[in-house]
Trainee: 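Supplied in structure tokens, the structure appears directly below.
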Amino acid sequence: MTIGIFGGSFNPIHRGHIALARQLLTAAALDEVWLMVSPQNPLKQNAGLLDDQLRLQMARIALQDEPRLHASDFEFQLPRPSYTWNTLQALTARYPQHRFALIIGADNWLLFDRWYHHDDILSHYPVIVYPRKDSPVDAETLPTGVTLVKTRRHNVSSTEIRQRIREGLPVGRMVPKAIAGLVEQYYKA
């Protein structure tokens with residue numbers, strides 16, 4: 001089975017994450033997509049990051065009716081900071097029967113040479129790049145093993161959701177109905 005690893009803080013998970021993961025199943029010929037809830041991103045500051053278990057809980061509830069999408073806490077068990085190379089190596093060791101592909105946005109591809117062991121990732125794992133606003137990637141210049149897929153852009157962000165909650169604005173259309181109440185409760189503080 002080929003599994004796409006779609007990492008992020010999912011702070012909180014939203015409809016755009018889920019729609020993108022669904023599209024990637026087809027666009028990248030994946031059997032499943034595992035949304036890897038990250039406890040810490042070495043390239044981002046963690047101000048305003050909700051507790052790991054609460055973010056995982058919301059992601060699992062949001063994906064409960066998506067049989068090929070799974071929220072994973074695999075990185076919670078790994079040393080921090082959680083580097084993608086370490087995650088991919090640990091996944092391969094734990095699940096040798098599966099083939100893993102890394103899913104990243106074009107914005108991350110443009111910074112990929114800064115990633116820990118980026119050359120090793122490229123040597124051992126397929127990388128699937130999806131479009132992001134203001135992050136142009138030319139498919140003709142990508143190295144072997146890196147694929148730019150065509151997916152729709154989703155005009156929603158976790159940052160915007162948190163901001164709207166702080167301002168007392170509704171977010172019900174931005175997050176799955178199953179977690180709308182939890183999102184408002186957890187991010188009001």
Trainee: Taking the side chain as every heavy atom from C-beta outward, state whether Leu122 and Phe112 have any atom pair closer than 4.5 Å.
Mentor: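 Yes, close enough: below the 4.5 Å cut-off.
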Trainee: Do Arg15 and Ile18 come within less than 4.5 Å of each other through their side chains, counting heavy atoms only?
Mentor: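 Side chain of Arg15 against side chain of Ile18, heavy atoms only: no contact under 4.5 Å found.
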Trainee: Less than 4.5 Å apart, side chain to side chain, heavy atoms only: is that true for Ser9 and Ser38?
Mentor: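 Result no, sub-4.5 Å side-chain heavy-atom pair not found.
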Trainee: For a quick test of reading the model, state the closest non-hydrogen atom pair linking Thr141 to Asp138 and the distance between them.
Mentor: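 Here Thr141 and Asp138 meet closest at OG1-O, 2.8 Å.
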Trainee: Start with the C-alpha distance between Arg166 and Gln163, add both sets of side-chain angles, then the distance that settles side chain to side chain contact (heavy atoms under 4.5 Å, CB included), and finish with yes or no.
Mentor: CA-CA 5 Å; Arg166 282 192 296 272; Gln163 180 63 37; 2.8 Å; yes
Trainee: Kindly indicate whether the side chain of Tyr187, heavy atoms from C-beta on, has any atom under 4.5 Å from the side chain of Arg164.
Mentor: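 Answer no - side chains too far apart.
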Trainee: Give me the ring orientation class for His117 and Trp85: parallel if the planes are under 30° apart, tilted from 30 to 60°, perpendicular past 60°.
Mentor: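 Judged by the thresholds at 30° and 60°, the geometry between His117 and Trp85 is parallel.
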Trainee: Quick one: pull up CG in Leu49 and CZ in Arg162 and give me the separation to the nearest 0.5 Å.
Mentor: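 Between atom CG of Leu49 and atom CZ of Arg162 there are 8.0 Å.
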Trainee: Would you say the side-chain atoms of Tyr116 pair up with the backbone N or O of Thr84, donor to acceptor, closer than 3.5 Å?
Mentor: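 Between the backbone of Thr84 and the side chain of Tyr116 there is no qualifying donor-acceptor contact (under 3.5 Å).
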Trainee: At their closest point, which heavy atom of Leu30 faces which heavy atom of Ala101, and how far apart are they?
Mentor: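 Taking Leu30 first and Ala101 second, the nearest heavy atoms are CD2-CB, 4.4 Å.
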Trainee: Could you give the distance from CG (Leu102) to CD1 (Ile104), rounded to the nearest 0.5 Å?
Mentor: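 CD1 of Ile104 is found 5.5 Å from CG of Leu102.
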Trainee: Counting C-beta onward and ignoring hydrogens, is there a side-chain heavy-atom pair between Lys188 and Ile165 closer than 4.5 Å?
Mentor: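 Yes. Closest side-chain heavy atoms under 4.5 Å.
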Trainee: How close do Ala59 and Val37 get, heavy atom to heavy atom, and via which atoms?
Mentor: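 Looks like CB-CG2, 4.2 Å.
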Trainee: Measuring from atom CZ of Arg68 to atom CG of Leu63, what distance do you get when rounded to the nearest 0.5 angstrom?
Mentor: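 Reported to 0.5 Å precision, the distance equals 13.5 Å.
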Trainee: Can you tell me how far the CH2 atom of Trp109 sits from the OG atom of Ser135, to the nearest 0.5 Å?
Mentor: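 That separation rounds to 13.5 Å.
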Trainee: Looking at Asp51, I'd like to know if its CG atom is crowded, meaning that more than 12 non-hydrogen atoms belonging to other residues, nucleotides or ligands lie closer than 6.0 Å.
Mentor: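 Buried by this count: over 12 neighbours within 6.0 Å.
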Trainee: Shared ILVMFWY cluster between Met1 and Leu91, side chains joined below 4.5 angstrom?
Mentor: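 Same cluster: Met1 reaches Leu91 through Ile, Leu, Val, Met, Phe, Trp or Tyr contacts under 4.5 Å.
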Trainee: Taking the six-membered ring where the residue is Trp, are the ring centres of Trp34 and Phe100 under 6.0 Å apart?
Mentor: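 When the ring centroids of Trp34 and Phe100 are compared, they turn out to be within the sub-6.0 Å range.
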Trainee: Carefully, step by step, assess Ile121 and Val127 under the rule side chain to side chain contact (heavy atoms under 4.5 Å, CB included).
Mentor: CA-CA 8 Å; Ile121 294 171; Val127 177; 4.2 Å; yes
Trainee: Just do the side chain to side chain contact (heavy atoms under 4.5 Å, CB included) check on Val183 and Ile161 with the steps written out, would you?
Mentor: CA-CA 9 Å; Val183 169; Ile161 290 168; 3.9 Å; yes
Trainee: Give the minimum heavy-atom separation between Pro136 and Leu110, together with the two atoms involved.
Mentor: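 Minimum heavy-atom contact is O-CD2, 3.8 Å.
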Trainee: Let me see the working for Phe74 and Arg94 under side chain to side chain contact (heavy atoms under 4.5 Å, CB included), right down to the final yes or no.
Mentor: CA-CA 10 Å; Phe74 190 82; Arg94 174 90 52 90; 3.5 Å; yes
Trainee: What distance separates Thr151 OG1 from Ile128 CD1, expressed to the nearest 0.5 Å?
Mentor: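 It is 11.0 Å, given to the nearest 0.5 Å.
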Trainee: Contact between Arg22 and Leu69 at the side-chain level, heavy atoms closer than 4.5 Å - yes or no?
Mentor: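 Side chain of Arg22 against side chain of Leu69, heavy atoms only: contact under 4.5 Å found.
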Trainee: Over all heavy atoms of both residues, which pair between Leu148 and Pro131 is shortest? Give the atoms and the distance, please.
Mentor: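 Leu148 and Pro131 have their closest heavy atoms at CD1-N, 4.5 Å.
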Trainee: I'd like to know if the side chain of Thr2 reaches the main chain of Arg99, judged simply by a donor and an acceptor atom lying under 3.5 Å from each other, with no hydrogens or angles considered.
Mentor: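 Absent.
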Trainee: Which heavy atom of Pro176 sits nearest to which heavy atom of Ile13, and what is that distance?
Mentor: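 Residues Pro176 and Ile13, closest heavy atoms: CD-O, 4.4 Å.
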Trainee: Determine whether more than 12 heavy atoms belonging to other residues, nucleotides or ligands lie under 6.0 Å from atom CD of Gln97.
Mentor: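 It does: Gln97 CD has more than 12 such atoms within range.
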Trainee: Identify, with sequence neighbours excluded, every residue that meets salt bridge (charged side-chain N to carboxylate O under 4.0 Å, His left out) alongside Asp107.
Mentor: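 For Asp107, the residues satisfying salt bridge (charged side-chain N to carboxylate O under 4.0 Å, His left out) (neighbours in sequence not counted) are Arg132.
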Trainee: Distance-only, no hydrogens or angles: does the His17 side chain make a donor-acceptor pair with backbone N or O of His14 under 3.5 Å?
Mentor: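 Pair found, side chain donor or acceptor close to backbone of His14.
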Trainee: So Tyr125 and Gln89, side-chain hydrogen bond (donor to acceptor under 3.5 Å, both in side chains) or not? Walk me through it.
Mentor: CA-CA 10 Å; Tyr125 298 94; Gln89 290 290 286; 3.1 Å; yes
Trainee: Which residues satisfy the salt bridge (charged side-chain N to carboxylate O under 4.0 Å, His left out) test with Arg152, sequence neighbours excluded?
Mentor: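 Counting only residues at least two positions away or on another chain, Arg152 forms no salt bridge (charged side-chain N to carboxylate O under 4.0 Å, His left out).
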Trainee: So how far is it from Glu66 CD to Leu25 CG, rounded to the nearest 0.5 Å?
Mentor: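 Here the interatomic distance stands at 8.5 Å.
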Trainee: Can you check whether Asn11's main-chain N or O pairs, donor with acceptor, with Arg55's side chain at less than 3.5 Å?
Mentor: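 Judged by distance alone, no pair lies under 3.5 Å.
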Trainee: With a 3.5 Å distance limit and no angle check, can you tell me whether Thr147 reaches the backbone of Val149 through a side-chain donor-acceptor pair?
Mentor: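 A pair under 3.5 Å: no.
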Trainee: Does a side-chain heavy-atom distance below 4.5 Å link Tyr186 with Gln57?
Mentor: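 The answer is yes, as the side chains (C-beta and beyond) meet within the 4.5 Å cut-off.
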Trainee: Is a side-chain donor or acceptor of His154 paired with a backbone partner of Val156 at a separation under 3.5 angstrom?
Mentor: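 Side chain of His154 to backbone of Val156, a donor-acceptor pair under 3.5 Å: no, none is there.
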Trainee: Hey, what's the ring geometry for Phe10 with Phe6, parallel, tilted or perpendicular (30° and 60° as the breaks)?
Mentor: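 Because their plane-to-plane angle is over 60°, the rings of Phe10 and Phe6 count as perpendicular.
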Trainee: Compare all side-chain heavy atoms of Ile3 with those of Val33 and state whether any distance is below 4.5 angstrom.
Mentor: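 Counting from C-beta outward, Ile3 and Val33 never come under 4.5 Å.
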Trainee: Using modelled atom types only, decide if a donor and an acceptor are shared between the side chain of His118 and the backbone of Trp115 within a distance under 3.5 Å.
Mentor: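 Checking the backbone N and O of Trp115 against the side chain of His118, a donor-acceptor pair under 3.5 Å is found.
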